[in-house]
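Predicted, not measured: the structure shown is a model, and the values here were computed from it. Counting begins at 1 with the first residue of the sequence. Indexing begins at 1, ligand by ligand and atom by atom, following the structure's order.
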Amino acid sequence: MSQEEHSLWIEKYRPKTFDEVYGQEAIVKRLKSFVEQKNIPHLLFSGPAGVGKTTLALIIAKTLFGDIWRQNVLETNASDERGIDVVRQKIKDFARTRSIGTDIPKIVYLDECDSLTKEAQQALRRTMEQYSRTTRFILSCNFSSKIIDPIQSRCTVFRFKPLVKEDLVKVIKHLAEKEGLTIEEKALEAIYDVSQGDVRKAENILQSCSAMGKEITEEGIYEIVSAARPKEVKGVLETALAQRFLEARSQLLDLMLKHGLSGMDIIKHIQREIWNLDVTDESKMQIVAQCGETEFRMVEGSDEFVQLESLLASIALHKP
Ligand SMILES: Nc1ncnc2c1ncn2[C@@H]1O[C@H](COP(=O)(O)OP(=O)(O)OP(=O)(O)O)[C@@H](O)[C@H]1O
Ligand SMILES: [Mg+2]
């Protein structure tokens with residue numbers, strides 16, 4: 001198989017210009033006009049997963065800077081495992097110097113800002129102020145309510161929504177055409193049904209389904225989404241129970257990517273699978289309780305993978 005065939009469609013088909021973005025019309029229109037004036041304010045993108053936040057930030061950067069975007073854009077993640085201090089140092093080192101080859105202020109794109117503590121956000125706010133002459137910040141989060149007011153008030157806030165059915169169907173039809181797939185009407189419904197407007201999830205499901213054949217059917221989609229699942233979820237749990245934490249973690253990640261599952265989907269499956277595990281009732285109850293806690297934190301908006309990891313860790317550590 002060629003390299004190309006291994007590539008993830010979500011990257012292969014990530015829109016590269018404003019015109020390739022589906023839905024989010026009002027947002028695209030305003031962002032486009034900021035870029036045309038070559039003057040963007042600090043921006044805060046808030047909204048659910050897979051709806052175009054990172055995509056649009058990259059489009060802004062590439063449209064503003066063209067060939068020299070890499071030198072003038074820092075893309076980083078607030079939940080970087082090495083900690084916010086490292087992130088801040090990185091931002092400072094980058095923001096300290098002027099743009100290269102242009103007068104347009106540099107851009108720092110900071111993903112997952114809602115994972116920052118209030119203190120870290122205060123520090124980020126000071127950094128934003130300190131370098132606002134040379135640098136614009138584009139911050140991204142799932143819930144803007146987790147972002148402190150002083151940051152919100154410095155940013156123009158854009159609230160992203162899941163794609164409506166009509167737009168999601170357009171994305172899928174476009175991919176199907178490019179990949180030479182035929183796709184029945186009911187399969188489109190099914191993809192919308194399981195993705196709920198999350199484009200990343202929809203594209204991942206389509207890609208997995210296409211591995212079984214060029215004809216995409218409703219049953220095919222539901223099979224991809226539900227099949228393999230219980231067995232694989234059980235496998236992850238068993239690996240964690242055997243205290244092979246790292247292995248369980250990577251199985252889990254594969255599973256999520258392969259089937260385009262959200263953290264919440266995984267939790268529901270775990271909850272069902274607990275009863276099929278070969279452990280004592282007491283152990284089962286402990287795990288059920290932990291699941292409830294994890295689900296609550298996800299609903300509150302904390303990082304899904306971090307939460308699932310912590311659930312796996314507690315399963316690996318639990319005392320029978
Ligand atoms: N509005 C859209 N139009 C077309 N494709 C989209 C759109 N939104 C997302 N996609 C597709 O989904 C993929 C993931 O989108 P993106 O990285 O922008 O999500 P995000 O909103 O940043 O999500 P997260 O909160 O998980 O970071 C993109 O690579 C692209 O292929
Ligand atoms: Mg993103």
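In terms of polar-atom proximity, defined here as any N/O pair under 3.5 Å, G52 does make such a contact with ligand 1. Between W9 and ligand 1, no pair of N/O atoms sits closer than 3.5 Å. For ligand 1, the polar-atom distance check against R14 finds a nitrogen or oxygen pair separated by under 3.5 Å. In terms of polar-atom proximity, defined here as any N/O pair under 3.5 Å, Q24 makes no such contact with ligand 1. For a threshold of 3.5 Å applied to N or O pairs, the pair formed by T54 and ligand 1 contains at least one separation below that value.
Shown in contact with N142 at under 4.0 Å from a heavy atom are these atoms of ligand 1, numbered in order with element: 25 (O). Set against the non-hydrogen atoms of Y22, the atoms of ligand 1 under 4.0 Å away are 1 (N), 2 (C), 3 (N), 4 (C). Within ligand 1, the atoms closer than 4.0 Å to a non-hydrogen atom of A49 are 23 (O), 24 (P), 25 (O), 26 (O), numbered from 1 in the order shown. Of all atoms in ligand 1, listed by their number and element, those nearer than 4.0 Å to a heavy atom of P15 are 4 (C), 5 (N), 30 (C). Shown in contact with G50 at under 4.0 Å from a heavy atom are these atoms of ligand 1, numbered in order with element: 8 (N), 9 (C), 19 (O), 20 (P), 21 (O), 23 (O), 24 (P), 26 (O). Residue I10 has at least one heavy-atom neighbour below 4.0 Å for each of these atoms of ligand 1: 28 (C), 29 (O), 30 (C), 31 (O).
Around the Mg ion (ligand 2), the protein contributes the following N, O or S atoms under 2.8 Å, ordered by chain and number: T54 OG1.
For residues 22-33, the set of pairs meeting the side-chain hydrogen bond (donor to acceptor under 3.5 Å, both in side chains) definition, not counting sequence neighbours, comprises D19-K32.
Heavy atoms of D167 found under 4.0 angstrom from ligand 1: none, in either backbone or side chain. Under 4.0 angstrom from ligand 1, there are no non-hydrogen atoms of E112.
Atom 15 (O) of ligand 1 has T55 OG1, 3.6 Å as its closest protein atom, hydrogens excluded (heavy atom only). In terms of protein heavy-atom proximity, atom 25 (O) of ligand 1 is nearest to K53 NZ, 2.7 Å. Here the protein heavy atom with the shortest distance to atom 26 (O) of ligand 1 is R200 NH1, 2.9 Å.
Contacts of E215 classified as side-chain contact (heavy atoms from CB on, under 4.5 Å), with partners at least two apart in sequence or in another chain: T182. Take Q122 and apply the side chain to side chain donor-acceptor pair (under 3.5 Å) test, not counting sequence neighbours, and it matches R125.
Contact check for S132 versus M128: no side-chain heavy atoms found under the 4.5 Å cut-off. Counting heavy atoms from C-beta outward, I60 and L43 have side chains that approach closer than 4.5 Å. Proximity of R297 to S310: side-chain heavy atoms (C-beta onward) are separated by under 4.5 Å at one or more points.
Considering OG1 of T135 and NZ of K92, their distance stands at 12.5 Å, rounded to 0.5 Å.
Taking 4.0 Å as the cut-off between side-chain N and carboxylate O, K165 and E189 count as a salt-bridged pair.
Classified by interplanar angle (parallel below 30°, tilted 30° to 60°, perpendicular above 60°), the ring pair F45/F160 is tilted.
Side-chain contact of S195 with D198: a donor-acceptor pair under 3.5 Å is absent, judged by distance alone.
Figure legend: K178 and Y13 shown without cation-pi pairing, the cationic atom not lying both under 6.0 angstrom from the six-membered ring centre and within 45 degrees of its axis.
Put simply, the side chain of K186 never gets that close to the backbone of E219: no donor and acceptor are under 3.5 Å apart.
Placement of Y131 and Y109 in two distinct hydrophobic clusters is found when ILVMFWY residues are connected by side-chain heavy-atom separations under 4.5 Å, directly or transitively.
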